[in-house]
Amino acid sequence: MTTPLTAPFPYFGGKRRGAPIIWDALGDVGGYVEPFCGSAAVLLARPPVTGRRVETLNDADGWLVNAWRAIRLDPAAVAAHAIGPVAEIDYHARLAWLQERRGDDLVSWLEGDPEAHDPKAAAWWLYVAACGI
């Protein structure tokens, strides 16, 4: 028996609790596109399937895409940057740092290289997202 996958981080507007209802309504579809993936809670909660499936996740938030890539490509570095207590001043400092670097250049950088990622930015983005919830 396999352990079901769950979203690795909380996400504002996440659909984790609704995922079973969504899959009951959709059934065993051959193609699935999630335009606002966030924590990918719905896809990760997909019941086991057999056969070929095409699953596509999308999100316009470059920092979110960076977080997913960094978790996949360098999880130890993400964890190293995420360690520490929650402090309001750290929240504000990390949020300001991220906002200063958010822009068209971020998306272009991510689109230009499928392995482009920044583990520190990913950890700080996850920190800010979790604190905001």
Side-chain angles (χ1 to χ4, degrees):
M1 182 171 153
T2 60
T3 303
L5 297 174
T6 57
F9 53 87
Y11 196 74
F12 185 78
K15 299 170 280 300
R16 180 183 53 84
R17 291 185 187 147
I21 297 166
I22 293 167
W23 287 114
D24 284 344
L26 291 176
D28 186 16
V29 295
Y32 175 73
V33 176
E34 193 161 340
F36 308 101
C37 79
S39 67
V42 174
L43 178 61
L44 292 174
R46 184 177 192 156
V49 296
T50 58
R52 184 169 181 207
R53 299 292 181 268
V54 176
E55 300 163 334
T56 304
L57 296 175
N58 291 299
D59 206 291
D61 186 338
W63 286 133
L64 173 66
V65 172
N66 178 65
W68 274 111
R69 280 190 190 171
I71 289 168
R72 179 173 50 89
L73 296 168
D74 199 352
V78 175
H81 287 289
I83 292 173
V86 173
E88 186 172 359
I89 199 159
D90 286 340
Y91 167 80
H92 290 291
R94 292 174 186 193
L95 178 60
W97 187 91
L98 290 164
Q99 287 175 333
E100 287 173 8
R101 288 156 182 81
R102 181 186 299 274
D104 293 339
D105 290 348
L106 173 61
V107 174
S108 295
W109 173 63
L110 292 163
E111 288 177 340
D113 179 356
E115 293 185 350
H117 67 288
D118 180 336
K120 178 176 86 171
W124 287 8
W125 182 85
L126 291 164
Y127 177 97
V128 166
C131 288
I133 294 174

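All residue numbers refer to positions in the sequence shown, counting from 1. Just so it is clear, the model here is predicted, and its values are computed rather than measured. Basis for what follows: all heavy atoms, side chains included, without hydrogens, waters or symmetry-related copies.
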- Establish whether V86 and W97 are linked, either directly or via other cluster members, by ILVMFWY side-chain heavy-atom contacts under 4.5 Å. yes

Indicate the atoms forming the closest heavy-atom contact of [X] with [Y], along with that distance.
| X | Y | result |
| --- | --- | --- |
| A123 | V78 | CB-O, 3.3 Å |
| A67 | A122 | CA-CB, 3.6 Å |
| R102 | D61 | NH1-OD1, 2.9 Å |
| A60 | V107 | O-CG2, 4.4 Å |
| G132 | Y91 | N-CE1, 4.3 Å |

To the nearest 0.5 angstrom, please state how far the [atom1] atom of [X] sits from the [atom2] atom of [Y].
| X | Y | atom1 | atom2 | value |
| --- | --- | --- | --- | --- |
| E100 | L95 | CD | CG | 10.0 Å |
| E115 | D74 | CD | CG | 11.5 Å |
| W109 | H117 | CH2 | NE2 | 7.5 Å |
| H92 | Q99 | NE2 | CD | 11.0 Å |
| D118 | R101 | CG | CZ | 9.0 Å |
| D104 | E111 | CG | CD | 9.5 Å |

- Option from L126, D59, L57 for which side-chain contact (heavy atoms from CB on, under 4.5 Å) with L64 holds: D59

- Message: Given 3.5 Å as the limit, does a donor-acceptor pair link the side chain of R69 with the main chain of L110, or not?
- Response: yes

- Determine yes or no for a side-chain-to-main-chain donor-acceptor pair under 3.5 angstrom, with W68 supplying the side chain and S39 the backbone. no

- Item | 4.5 Å side-chain heavy-atom contact, W63 and V128 | no

- Which is it for D90 and W124 under the side chain to side chain contact (heavy atoms under 4.5 Å, CB included) test, yes or no, and what are the steps along the way? CA-CA 9 Å; D90 286 340; W124 287 8; over 6 Å; no

Using atom types as modelled, flag every donor-acceptor pair under 3.5 Å from a side chain in residues 11-31 to any protein atom, sequence neighbours excluded.
residue : atom : partner : partner atom : Å
W23     : NE1  : V42     : O            : 2.7
D28     : OD1  : R53     : NE           : 3.1
D28     : OD1  : R53     : NH2          : 2.8
D28     : OD2  : R53     : NH2          : 2.6

